[in-house]
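Below: the structure, in structure tokens.
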Amino acid sequence: MSKKSNKIIAIVGPTASGKTEWAKKLALKFNGKVISADSRQIYRGFDIGTGKDKSFRQDLIDIIEPFEKFTVWDYQQLASNLVNQYFSMKSLPIIAGGTGLYLYAVLYGYILPGVKKESDELRKKLEKLSENTLYEKLKKIDLAAADKIDPKNKRRVIRALEVSILSKKPFSEFQKKLKPKFKTLIIGIKTDRETIYSKIDARVEQMVKDGLVEEVRGLIKKYQSDLPAFNTIGYKEIIDYLRGKTTLKESILNIKNNTHSYVRRQETWFKKNKDIKWVSRYEDAEKLTHKFLKK
RNA sequence: GCCGGGUUAGCUCAUUGGCAGAGCAGUUGACUGAAAAUCAACGUGUACGCAGUUCGAUUCUGCGACCCGGCA
């Protein structure tokens, strides 16, 4: 068992590809512990719409209230701690989820700029400026970052500016990695578009039958609906319906379509990564794990 | 059967007497503290068919087909 003590498995793939299921089975088979890497399942009460699986023990699910702030940084801390804890317990950490940024922050040891997002005053000032002004500002301070970020992507331009201004160091100089002290096997679940799309569509219908509308109604009654947590596929569309902006039918269609394009974004994120071993059958994942643990 | 309205991109629909364009869908890409977020790129299709008017018709006229209303 000691062989496992610095090894970690990651399972990636688009939403509805079965990551959680695979992780669950691998955990059973190899004495593993599943750590979720999902930026939405962290919220308590967001159950049906995020497709939470509560049938087994999984870390980093239901860890905060919808009004609490949570970022990659928090995720990185929590997940890394768990990984180390499992190493010392001689169990195998299995990280599974669809949030690429979260996964990579842990797996590749991203060094996140030590500047908190909620530097409210500066942020409020920046948010009032136009895209153009912001971008010109960034060009002056950090040309390398400006080159990489689209001028119209206000969110990312602001963050780059914020980090550069508050740390007095260009944002682009932070973009470093600290090679983690563990060996990783990243398993990617291979799927084809058509299959995953129809799986998603069926799942959305099921979510509605399971009471998604009621879940959202309850949540917006309890919390302010402009929280970042509600900017989630499956929730924002139902909110539109509850406010009369769309019919339920339209809202369901929107959930399906938005999930489809989410799948595309996820695939773009993982596609170019040469470390990922893509397989389409669970048995192959098991074989890969076997080999990996023997090494 | 009669009277209207319609037939244009996978879908919903614009538009124009000089060989057509939006939204959605779809596809591609970026991504280091909101990431299920945020942002960028990609539009040739027999303009229902046939005939006529015209230098030129998808646009006007006629006939036909199909669809949707209303009246019988």
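Per chain, numbering begins at 1; letters A, B, ... match sequence-line order.
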By the 4.0 Å heavy-atom rule, please label [X] as base, sugar-phosphate, or nothing.
X: A/Tyr102; result: sugar-phosphate
X: A/Thr50; result: base
X: A/Ile111; result: base
X: A/Lys176; result: base
X: A/Phe46; result: nothing
X: A/Asp38; result: base
X: A/Gly234; result: nothing
X: A/Phe171; result: sugar-phosphate
X: A/Glu68; result: nothing

Taking any strand in view, what nucleotide pairs with [N] in a Watson-Crick or G-U wobble way, both distances under 3.5 Å?
N: B/C66; answer: B/G6
N: B/A35; answer: none
N: B/A57; answer: none
N: B/U15; answer: none
N: B/A40; answer: B/U28

Looking at [N], I'd like to know if its phosphate oxygens (OP1 or OP2) sit under 4.0 Å from a side-chain N or O belonging to [X].
X: A/Arg159; N: B/C31; answer: no
X: A/Arg156; N: B/U32; answer: yes
X: A/Asn254; N: B/C24; answer: no
X: A/His260; N: B/A25; answer: no
X: A/Lys272; N: B/C31; answer: yes
X: A/Thr99; N: B/A35; answer: no
X: A/Lys177; N: B/U32; answer: no
X: A/Arg193; N: B/U27; answer: yes

May I ask you to say whether A/Arg57 pairs ionically with A/Asp59, meaning some side-chain N is under 4.0 Å from a carboxylate O?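 Yes, A/Arg57 and A/Asp59 are salt-bridged.
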
Using only atom types and a distance under 3.5 Å, with no angle test, would you say the side chain of A/Ser164 pairs donor to acceptor with the backbone of A/Phe171?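 Yes: the side chain of A/Ser164 pairs with the backbone of A/Phe171.
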
Side-chain (A/Asp74) to main-chain (A/Thr71) donor-acceptor, under 3.5 angstrom: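 Checking the backbone N and O of A/Thr71 against the side chain of A/Asp74, a donor-acceptor pair under 3.5 Å is found.
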
Residue pair A/Arg217, A/Glu214: steps toward the salt bridge (Lys or Arg N to Asp or Glu O under 4.0 Å) verdict: CA-CA 5 Å; A/Arg217 206 196 302 272; A/Glu214 289 319 304; 3.1 Å; yes

Taking the same atom, [atom1], in [N] and in [M], what whole-Å distance lies between them?
N: B/G43; M: B/G23; atom1: C1'; value: 12 Å
N: B/C11; M: B/A47; atom1: P; value: 15 Å
N: B/G45; M: B/A20; atom1: C1'; value: 9 Å

From B/G26, B/C31, B/C39, pick the nucleotide closest to the side chain of A/Arg265?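 Output: B/C39.
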
What is the distance, rounded to the nearest whole Å, between atom [atom1] of [X] and atom [atom2] of [N]?
X: A/Asp74; N: B/A35; atom1: CG; atom2: C1'; answer: 14 Å
X: A/Lys236; N: B/U38; atom1: NZ; atom2: C1'; answer: 10 Å
X: A/Trp269; N: B/C31; atom1: CH2; atom2: C1'; answer: 5 Å
X: A/Glu250; N: B/C11; atom1: CD; atom2: C1'; answer: 14 Å
X: A/Asn153; N: B/A35; atom1: CG; atom2: P; answer: 14 Å
X: A/Leu101; N: B/G33; atom1: CG; atom2: C1'; answer: 9 Å

Taking the six-membered ring of A/Phe174 as reference, does the cationic atom of A/Lys169 (NZ for Lys, CZ for Arg) lie under 6.0 Å from its centre and within 45° of its axis?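 That pair qualifies as a cation-pi contact.
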
Of A/Lys152 and A/Thr15, the one whose closest RNA chain B nucleotide lies more 5':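 Here A/Thr15 is the residue nearer the 5' end.
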
A/Gln224 atom CD, over 12 foreign heavy atoms within 6.0 Å: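 No.
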
Mind running side-chain hydrogen bond (donor to acceptor under 3.5 Å, both in side chains) on A/Tyr223 and A/Glu65 for me, showing each step along the way? CA-CA 10 Å; A/Tyr223 312 102; A/Glu65 295 296 322; 3.1 Å; yes

